[in-house]
Structures are given as structure tokens and as C-alpha cells.
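Written out below as C-alpha cells is the structure these notes cover.
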Amino acid sequence: MDIRMPVLDGIEAARQIRALDRADVKELPIIAMTANAGDEDRRQTKEAGMNEHLAKPIDPKLLYTTLQKFILP
């Protein structure tokens with residue numbers, strides 16, 4: 001999830017997804033991918049219901065490790 005999307009930013013999009021009355025969205029992994037890398041930014045993404053926060057520039061190894069955490073059983 002990009003944090004700086006036009007019209008609806010990633011923080012609000014994640015909040016709206018988590019607020020849906022659907023069981024599948026409660027477990028849906030949401031990963032922030034953003035240049036916003038400060039402690040406050042990380043806190044906001046967690047509070048919005050995101051599972052992880054990856055700062056740009058993205059480290060491919062960290063990206064793959066993070067994705068595996070949610071894809072592999």
C-alpha cells in the first residue's frame with residue numbers, strides 16, 4: 001500500500017479496508033511501501049491496521065522476506 005496515493009492516502013485506505021464488515025479483510029496482509037520512514041510514520045501505519053512497513057528505497061531481500069511471511073504457511 002502506497003502511503004501517498006492521490007485522493008485516498010494509504011493510511012485512510014487501510015483503515016477503510018479494516019473497517020469493512022467482511023471476515024476476509026481482517027486477515028488480509030497490508031504492507032506499507034513508502035518514503036515515510038520515521039517512527040511516527042510506522043506508528044500511523046500500525047494504527048491503521050497495516051501488518052508491515054517497508055521504507056523506500058525498498059531492499060529486495062527485505063521485501064521477499066516480508067512477502068514470504070504472509071504467503072508461505
Side-chain angles (χ1 to χ4, degrees):
M1 177 78 68
D2 188 354
I3 300 303
R4 294 185 179 183
M5 296 186 300
V7 182
L8 181 65
D9 69 55
I11 298 287
E12 186 57 30
R15 284 189 183 120
Q16 289 185 23
I17 290 168
R18 294 297 188 220
L20 292 172
D21 188 22
R22 293 176 35 180
D24 60 336
V25 299
K26 305 306 179 203
E27 301 298 322
L28 177 72
I30 302 175
I31 302 166
M33 295 181 69
T34 179
N36 301 1
D39 291 339
E40 178 65 15
D41 301 306
R42 292 179 184 281
R43 184 191 61 74
Q44 287 179 346
T45 56
K46 291 292 182 184
E47 286 181 359
M50 295 189 194
N51 302 85
E52 294 290 341
H53 185 114
L54 300 179
K56 294 178 183 176
I58 300 295
D59 172 0
K61 254 184 161 174
L62 180 58
L63 173 61
Y64 299 142
T65 301
T66 303
L67 292 174
Q68 284 178 339
K69 186 164 105 175
F70 295 103
I71 295 171
L72 298 177

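- The distance from atom CE of M1 to atom CG of D9, rounded to the nearest 0.5 Å, is 9.5 Å.
- Proximity of a side-chain donor or acceptor of D2 to a complementary backbone N or O of M5 within less than 3.5 Å is not detected.
- Proximity of a side-chain donor or acceptor of R15 to a complementary backbone N or O of G49 within less than 3.5 Å is not detected.
- Remark: K56 pairs with no residue by the salt bridge (Lys or Arg N to Asp or Glu O under 4.0 Å) rule, at least two apart or across chains.
- The two residues P60 and I58 make their nearest non-hydrogen contact at CD-O, 3.3 Å.
- Within the structure, salt bridge (Lys or Arg N to Asp or Glu O under 4.0 Å) pairs that include any residue of residues 33-43 comprise E40-R43, R43-E47 (at least two apart or interchain).
- Put simply, L67 and M33 are part of the same group of oily side chains (I, L, V, M, F, W, Y) that touch within less than 4.5 Å, one to the next.
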Open item on the list: Could you walk me through whether L28 and R18 satisfy the side-chain contact (heavy atoms from CB on, under 4.5 Å) test, starting with their C-alpha distance in whole Å, then the side-chain angles of each, then the deciding distance to 0.1 Å, before giving a yes or no?
Closed with: CA-CA 9 Å; L28 177 72; R18 294 297 188 220; 4.0 Å; yes
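- Put simply, CD1 on I30 and NE2 on H53 are 14.0 Å apart, with the number rounded to the nearest 0.5 Å.
- Atom CZ of F70 has more than 12 heavy atoms from other residues, nucleotides or ligands within 6.0 Å.
- Annotation: side chain of Q44 is not in contact with side chain of I3 (no heavy-atom distance under 4.5 Å).
- In this structure, the separation between CD on E12 and CD1 on I17 is 10.5 Å, given to the nearest 0.5 Å.
- Each salt bridge (Lys or Arg N to Asp or Glu O under 4.0 Å) pair with one or both residues in residues 19-38, not counting sequence neighbours, appears once here: R22-D24.
- By the criterion of side-chain heavy atoms lying less than 4.5 angstrom apart, applied directly or through intervening Ile, Leu, Val, Met, Phe, Trp or Tyr residues, L63 is grouped together with I31 in one hydrophobic cluster.
- Between atom NZ of residue K69 and atom CG of residue N51 there is a gap of 8.0 Å, rounded to the nearest 0.5 Å.
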